Participant: 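Okay, handing you the structure first.
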Amino acid sequence: MSNERYLIINADDFGMCHSTNQAISKLLLEKVISSASIMVTTPWIQEAAEIVRKHPNFDVGIHITHTSEWNDYKWGGLTHLKTLVNEFGHFPPDTQSVVEKADYEELRTEAIAQIELAYKMGIEPTNIDNHMGSLHHIPE
């Protein structure tokens, strides 16, 4: 029996803003972190995707996003969502709203669209997780 242990340090919210992208890129280059999770619905996704394309050795997964927690910095979905966004097209700020209001088929359709967009942007995901744990409380 081996006593070896492994530690994976993942940085999420890649794509959220320029400073996050720069920090995650630097940490990946310096091998301080093991991987990152990219949010394809966020404003700075183009920059994050470019970084990933320039560094195909980076371990980058998809951070499925159905929430937008900041008060003055928002994002929404890629698909036509009726139950998941507000009147401005923004995701809710909390996971409880996702659980209580979202149609589960809309969640699924949006998640698939996010994965497909990542592939179109040249990202070969190594893992999938979700932003703020919003899907962890979905019974289906």
Side-chain angles (χ1 to χ4, degrees):
M1 176 181 246
S2 173
N3 287 330
E4 290 183 82
R5 295 176 187 234
Y6 298 94
L7 176 64
I8 297 171
I9 301 175
N10 184 71
D12 64 3
D13 298 359
F14 199 12
M16 185 182 77
C17 63
H18 176 67
S19 59
T20 297
N21 292 347
Q22 295 304 301
I24 289 174
S25 177
K26 181 177 181 179
L27 292 169
L28 285 166
L29 282 168
E30 294 175 356
K31 300 188 185 303
V32 174
I33 61 174
S34 311
S35 63
S37 299
I38 200 162
M39 300 168 74
V40 301
T41 64
T42 53
W44 283 81
I45 181 56
Q46 295 292 339
E47 180 185 62
E50 184 178 327
I51 292 167
V52 173
R53 287 190 301 270
K54 285 182 181 176
H55 301 280
N57 60 319
F58 282 176
D59 183 350
V60 175
I62 310 218
H63 201 44
I64 301 296
T65 306
H66 294 114
T67 53
S68 180
E69 69 273 27
W70 302 100
N71 289 333
D72 298 317
Y73 188 62
K74 305 301 273 179
W75 48 81
L78 303 175
T79 60
H80 181 68
L81 303 165
K82 292 182 181 180
T83 63
L84 195 57
V85 296
N86 66 15
E87 66 272 21
F88 304 110
H90 299 142
F91 286 137
D94 59 278
T95 59
Q96 192 61 35
S97 294
V98 174
V99 173
E100 291 175 0
K101 298 176 183 174
D103 176 87
Y104 296 158
E105 190 56 34
E106 281 188 8
L107 291 174
R108 180 181 180 280
T109 300
E110 178 63 24
I112 291 169
Q114 291 179 25
I115 294 166
E116 288 174 345
L117 179 57
Y119 276 103
K120 285 180 189 174
M121 297 180 94
I123 299 164
E124 295 283 334
T126 58
N127 60 79
I128 297 175
D129 63 9
N130 75 299
H131 185 57
M132 296 175 61
S134 61
L135 296 178
H136 295 162
H137 306 288
I138 303 297
E140 296 180 23

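Since the structure is predicted, the reported quantities are computational estimates derived from the model, not experimental observations.
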Participant: Measuring from Gln22:CD to Ile51:CD1, what's the distance to the nearest 0.5 Å?
Facilitator: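 One finds 5.0 Å between CD of Gln22 and CD1 of Ile51.
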Participant: Do you reckon Val60 sits in the same ILVMFWY cluster as Tyr119, going by side-chain contacts under 4.5 Å, direct or chained?
Facilitator: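 No, no single cluster joins them.
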Participant: Cut-off 3.5 Å, side chains only: do Asp13 and Thr20 have a donor facing an acceptor?
Facilitator: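 There is no such pair (donor and acceptor under 3.5 Å, judged by atom type) between the side chains of Asp13 and Thr20.
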Participant: Look at atom CD of Glu4 and say whether more than 12 heavy atoms of other residues, nucleotides or ligands are closer to it than 6.0 Å.
Facilitator: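 Result for CD/Glu4: open.
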Participant: Side chains of Phe91 and Leu81: does their closest heavy-atom pair fall under 4.5 Å?
Facilitator: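 The answer is yes, as the side chains (C-beta and beyond) meet within the 4.5 Å cut-off.
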Participant: Could you tell me which non-hydrogen atom of Thr67 sits nearest to which non-hydrogen atom of Asp94, and how far apart they are?
Facilitator: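 Scanning both residues, the minimum pair turns out to be CG2-O, 3.7 Å.
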Participant: Side chain to side chain contact (heavy atoms under 4.5 Å, CB included) for Ile33 and Leu28? Distances and angles first, verdict last.
Facilitator: CA-CA 6 Å; Ile33 61 174; Leu28 285 166; 3.8 Å; yes
Participant: Sequence neighbours left out, what passes side chain to side chain contact (heavy atoms under 4.5 Å, CB included) with Glu116? Give chain and number order.
Facilitator: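 Partners of Glu116 by the side chain to side chain contact (heavy atoms under 4.5 Å, CB included) criterion, ordered by chain and then number, come out as Ile112.
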Participant: Quick check: closest heavy atoms across Gly133 and Thr95, and the distance to 0.1 Å?
Facilitator: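 Nearest heavy atoms, Gly133 then Thr95: C-CG2, 4.2 Å.
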Participant: Closest approach of Ser37 and Asn10, non-hydrogen atoms and distance?
Facilitator: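 Closest approach of Ser37 to Asn10: OG-ND2, 3.0 Å.
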Participant: How many angstroms lie between atom CD1 of Ile123 and atom CD1 of Ile115, to the nearest 0.5 angstrom?
Facilitator: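 Answer for the CD1-CD1 pair, Ile123 versus Ile115, is 12.0 Å.
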Participant: Is any side-chain heavy atom of His131 less than 4.5 Å from a side-chain heavy atom of Ser68?
Facilitator: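 With C-beta onward as the side chain, the pair stays apart.
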Participant: Going by distance alone, is a donor N or O of one side chain under 3.5 Å from an acceptor N or O of the other, for Ser34 and Asp59?
Facilitator: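 There is no such pair (donor and acceptor under 3.5 Å, judged by atom type) between the side chains of Ser34 and Asp59.
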Participant: Please tell me whether Leu117 and Leu135 are part of a single hydrophobic cluster in this structure, the criterion being side-chain heavy atoms less than 4.5 Å apart.
Facilitator: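 Each belongs to a different hydrophobic cluster.
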Participant: What's the separation between atom CG in Asp12 and atom OG in Ser35, rounded to the nearest 0.5 Å?
Facilitator: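 Separation between the atoms: 10.0 Å.
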Participant: Do you see a donor-acceptor pair shorter than 3.5 Å between the side chains of His66 and Glu110?
Facilitator: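 No pair is found: no donor N or O on one side chain lies under 3.5 Å from an acceptor on the other.
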Participant: Picking from Asp129, Asn127, Asn130, Thr42, what satisfies side chain to side chain donor-acceptor pair (under 3.5 Å) with His63?
Facilitator: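 Exactly one candidate clears the test, Asp129.
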Participant: Same hydrophobic cluster for Met132 and Ile128, using side-chain heavy-atom links shorter than 4.5 Å among ILVMFWY?
Facilitator: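 No: no chain of side-chain contacts under 4.5 Å links Met132 to Ile128.
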Participant: Would a 4.5 Å heavy-atom cut-off, applied to side chains only, mark Phe14 and Met39 as touching?
Facilitator: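 With C-beta onward as the side chain, the pair stays apart.
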Participant: Would you kindly confirm whether Leu84 and Val99 end up in one hydrophobic cluster when ILVMFWY residues are joined by side chain heavy atoms under 4.5 Å apart?
Facilitator: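 Shared cluster, yes.
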Participant: Has Thr83 got a side-chain atom pairing as donor or acceptor with Asp103's backbone, closer than 3.5 angstrom?
Facilitator: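 Side chain of Thr83 to backbone of Asp103, a donor-acceptor pair under 3.5 Å: yes, one is there.
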Participant: Tyr73: which residues meet the side chain to side chain contact (heavy atoms under 4.5 Å, CB included) condition with it, sequence neighbours left out?
Facilitator: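 Checked Tyr73 against side chain to side chain contact (heavy atoms under 4.5 Å, CB included); matches are Met16, Cys17, Pro43, Trp44, Trp70, Trp75.
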Participant: Any chain of hydrophobic side-chain contacts (each under 4.5 Å) joining Val32 to Tyr6?
Facilitator: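 In one cluster with Val32: Tyr6, no.
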Participant: Main chain of Thr41, side chain of Gln114: is a donor-acceptor contact present, judged purely on distance under 3.5 Å?
Facilitator: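 It does not hold such a pair.
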Participant: Using the side chain to side chain contact (heavy atoms under 4.5 Å, CB included) rule, take Ile45 and Met121 through it: C-alpha gap first, then chi angles, then the decisive distance, then the call.
Facilitator: CA-CA 9 Å; Ile45 181 56; Met121 297 180 94; 3.7 Å; yes
Participant: Is it true that, when you exclude Arg108 itself, more than 12 heavy atoms of the residues, nucleotides or ligands shown sit nearer than 6.0 Å to its CZ?
Facilitator: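 Count not over threshold, so no.
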Participant: Can you measure from CD1 (Ile9) to CG (Leu7) and round to the nearest 0.5 angstrom?
Facilitator: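 The CD1 atom of Ile9 sits 4.5 Å away from the CG atom of Leu7.
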Participant: To check you understand the geometry: which heavy-atom pair defines the closest contact between Pro125 and Ile62, and what is its length?
Facilitator: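 Scanning both residues, the minimum pair turns out to be CB-CG1, 3.5 Å.
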